Asker: 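Pasting in a structure now, in structure tokens, and then I'll have a few things to ask.
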Amino acid sequence: MKKYEIGLIGLSVMGQNLALNIARNHSISVYNRTESKTKDFIKNKVDKQEIKAAYGLEDFISSLAKPRKIMLMIKAGKPVDLVIDSLLPYLSKDDIIIDGGNSHFEDTNRRLKNLEEKGIRYLGVGISGGEYGALHGPSIMPGGTKEAYAEVADILKDAAAKTDKGACVSYLGPKSAGHYVKMIHNGIEYGIMEILAEIYDYLRKVLQLKPDEMGDVFAEWNQELDSYLVEITAKIMKKNDPKTGKKLIDLILDKAKHKGTGKWSVQSALDLGTAIPTINAGVNARLVSSIKQERVENAAQFDKSSRALVDKKEILSQLKSALYFASVIAYAEGFKLLKTASEEYNYNLNYKEIARIWEDGCIIRSGLLEPIQQAFADNMNLNTLITTEQFKDQLNVKANQLTELISTAAQSGVPLTAIHSALDYFNSLKSEELPANLIQAQRDFFGAHTYQRRDEKGTFHTNWE
Ligand SMILES: NC(=O)C1=CN([C@@H]2O[C@H](COP(=O)(O)OP(=O)(O)OC[C@H]3O[C@@H](n4cnc5c(N)ncnc54)[C@H](OP(=O)(O)O)[C@@H]3O)[C@@H](O)[C@H]2O)C=CC1
Ligand SMILES: O=C(CO)[C@H](O)[C@H](O)COP(=O)(O)O
């Protein structure tokens with residue numbers, strides 16, 4: 001009986017496309033809990049590729065060459081544990097499980113430890129690129145048992161997106177390094193998506209541009225930025241609803257869902273004591289968007305803001321600056337958190353390599369990743385991207401261009417939470433003097449928490465009244 005090089009469980013959007021991608025170079029066996037999905041996949045998507053459909057776990061396992069390589073592309077959370085438990089009775093020592101979903105990094109640590117005790121090797125692999133990337137080449141972020149990676153590296157390299165620097169995949173580090181990096185990738189994704197949403201809001205409410213015009217603006221800006229998220233935003237603005245012929249964006253409800261990776265990035269940042277305010281703003285904005293009914297009721301109780309009158313050409317230039325500025329800050333926050341996490345969890349991350357594998361295939365790919373790589377090539381242990389030769393001057397110039405934008409947005413009642421957070425983060429990081437002396441004094445006043453002085457070493461307490 002023929003033995004297949006790799007097996008894949010989970011034939012939803014990502015699993016189907018990844019299976020078709022892998023099948024271009026390697027034989028693959030697939031399995032899905034719901035049989036009808038497998039049948040539909042084989043009937044409608046598979047042509048001449050070498051893909052075996054298995055309709056039972058035993059059949060699936062026995063179709064694989066040893067040591068077995070099994071990729072999970074299933075819903076993150078409990079399903080991953082359930083599937084691993086159901087596989088265990090059939091697995092042998094040295095088999096490799098590859099979790100390609102968006103699992104929480106702490107779950108990955110737990111699973112890796114449990115499986116290692118049973119002699120099973122485990123890789124926590126972040127995959128980005130959505131439906132298109134999974135089929136044509138995603139960015140792949142593997143972490144976990146290193147020698148297991150060596151055994152699947154060729155399969156992952158063949159599947160990954162390619163740039164002139166190589167395949168967009170690289171072993172990132174032990175344990176949950178891959179899933180941690182993917183989580184932060186998604187955190188940056190949340191930040192940039194929110195920055196674009198705020199610019200869209202300003203364009204429609206203050207400049208009163210129509211979606212087609214906004215599409216042109218985003219497309220023109222993107223000639224320089226070369227960002228996938230800007231590119232799809234431009235395309236979204238142009239799309240007509242097939243049912244009504246109206247602009248689809250105008251018909252979509254203003255409530256955004258989320259599956260957890262942005263929230264986990266913020267939770268982890270707080271746990272590690274690292275600020276990521278622009279990314280946090282992206283998460284908060286989705287939470288506020290979700291209480292639509294409450295917002296509608298609130299709106300009826302307040303006067304409508306009066307739209308600021310602005311010079312269109314000038315403000316468009318400021319909005320372009322805001323997009324560049326806040327996007328750089330979102331990456332800077334993400335990389336700073338990666339550095340903190342790498343030190344705390346001994347991931348030994350290579351930031352330049354992370355920026356390289358994000359250059360294509362993934363959702364946050366953009367022209368900014370080239371200067372980010374240069375910045376890490378100059379200093380692999382950078383504290384922050386904001387002070388680097390690649391960004392320092394540009395951030396300085398663009399920060400100065402944001403004041404009119406921010407004040408006219410406030411006047412017009414348009415929240416620019418992420419853009420404002422990015423500017424405040426930048427201003428805080430470049431402040432020699434912050435007002436935390438007052439915080440120290442307040443804490444000591446009400447709670448005798450003590451304080452440190454500028455003029456003497458030690459800890460002090462004052463009887464304030
Ligand atoms: N969609 C995207 O753009 C991206 C998704 N990801 C991640 O990749 C993974 C797959 O994503 P996606 O393709 O969107 O699919 P979903 O996250 O929607 O997961 C659906 C798949 O999970 C399976 N599943 C769910 N519960 C169970 C269970 N208890 N036992 C067995 N199988 C189960 C489903 O099987 P069944 O058909 O039987 O219900 C189906 O194959 C997720 O972790 C996701 O977060 C990563 C990058 C991008
Ligand atoms: O990982 C992804 C992209 O990189 C997935 O599309 C993920 O679902 C996006 O997160 P959310 O659903 O919370 O917006």
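As a basis for the values below, the full set of heavy atoms in this structure was taken, side chains included, without hydrogen atoms, waters or symmetry mates. Counting from 1, the numbers follow the sequence of the chain as shown. Computed from a prediction, not measured in an experiment: that's the story for all the values here. One-based numbering, in listed order, for ligands and for the atoms of each.
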Asker: Salt bridge between Lys246 and Asp241, side-chain N to carboxylate O under 4.0 Å?
Answerer: no
Asker: Which of the numbered atoms in ligand 2 are under 4.0 angstrom from any heavy atom belonging to His185?
Answerer: 4 (O)
Asker: So, is the end of the Lys2 side chain (NZ or CZ) under 6.0 Å from the ring centre of Tyr4 and within 45° of the ring's axis?
Answerer: yes
Asker: Below 4.0 angstrom, N of the basic side chain to O of the carboxylate: do Asp40 and Lys45 qualify?
Answerer: no
Asker: Check this for me, if you would: do Glu231 and Lys235 make a salt bridge, where the nitrogen-to-carboxylate-oxygen distance has to be below 4.0 angstrom?
Answerer: yes
Asker: Would you mind listing which atoms of ligand 2 come within a distance below 4.0 Å of any non-hydrogen atom of Asn102?
Answerer: 1 (O), 2 (C), 5 (C), 7 (C)
Asker: For Phe426, check ring-ring contact (aromatic ring centres under 6.0 Å, His included) against everything at least two apart and list the hits.
Answerer: Phe325
Asker: Looking at non-hydrogen atoms alone, which of Glu131, Met183, Arg286 comes nearest to atom 14 (O) of ligand 2?
Answerer: Arg286
Asker: Salt bridge or not between Glu147 and Arg121? Use side-chain N to carboxylate O under 4.0 Å.
Answerer: yes
Asker: Under 4.0 Å, counting heavy atoms only: does Gly262 come that close to any atom of ligand 2?
Answerer: no
Asker: I'd like the residue list for ligand 1, meaning every protein residue with a non-hydrogen atom under 4.0 Å from the ligand.
Answerer: Gly10, Leu11, Ser12, Val13, Met14, Asn32, Arg33, Thr34, Lys37, Met73, Ile74, Lys75, Ala76, Pro79, Leu82, Val83, Gly101, Asn102, Ile127, Gly130, Lys182
Asker: When you check the gap from the basic side-chain N to the acidic O, do Lys238 and Asp216 get nearer than 4.0 Å?
Answerer: yes
Asker: Considering heavy atoms of the protein only, find what lies nearest to atom 13 (O) of ligand 2 and give residue, atom and distance to 0.1 Å.
Answerer: Tyr190 OH, 2.5 Å
Asker: Please work out which of Lys257, Glu189, Lys263, Lys259 has its closest non-hydrogen atom nearest to atom 3 (C) of ligand 2.
Answerer: Glu189
Asker: What orientation do Tyr351 and Phe376 show, parallel under 30°, tilted 30 to 60°, or perpendicular over 60°?
Answerer: tilted
Asker: Salt-bridged, Lys66 to Asp94, with N to O below 4.0 Å?
Answerer: no
Asker: Could you tell me, atom by atom, which parts of ligand 2 come under 4.0 Å of a heavy atom of Ser128?
Answerer: 4 (O)
Asker: Under a 4.0 angstrom heavy-atom cut-off, which atoms of ligand 2 come close to His258?
Answerer: 13 (O)
Asker: Heavy-atom distances under 4.0 Å are what count here, so tell me which part of Met14 touches ligand 2: side chain, backbone, both or neither.
Answerer: neither
Asker: Would you say Arg68 and Ser92 are linked by a side-chain donor-acceptor pair, where the criterion is simply a distance under 3.5 Å?
Answerer: yes
Asker: With heavy-atom distances below 4.0 Å as the criterion, list the atoms of ligand 2 near Ile363.
Answerer: 3 (C), 4 (O)
Asker: Aromatic contact between Tyr190 and Trp264, with the criterion being ring centroids under 6.0 Å apart: yes or no?
Answerer: no
Asker: With atom 2 (C) of ligand 2 as the reference point, say which of Asn186, Ile127, Val283 has the nearest heavy atom.
Answerer: Asn186
Asker: Can you tell me if Lys182 contacts ligand 2 (heavy atom of the residue under 4.0 Å from the ligand)?
Answerer: yes
Asker: Tell me whether Glu353 is salt-bridged to Arg356, with the criterion being a basic N under 4.0 Å from an acidic carboxylate O.
Answerer: yes
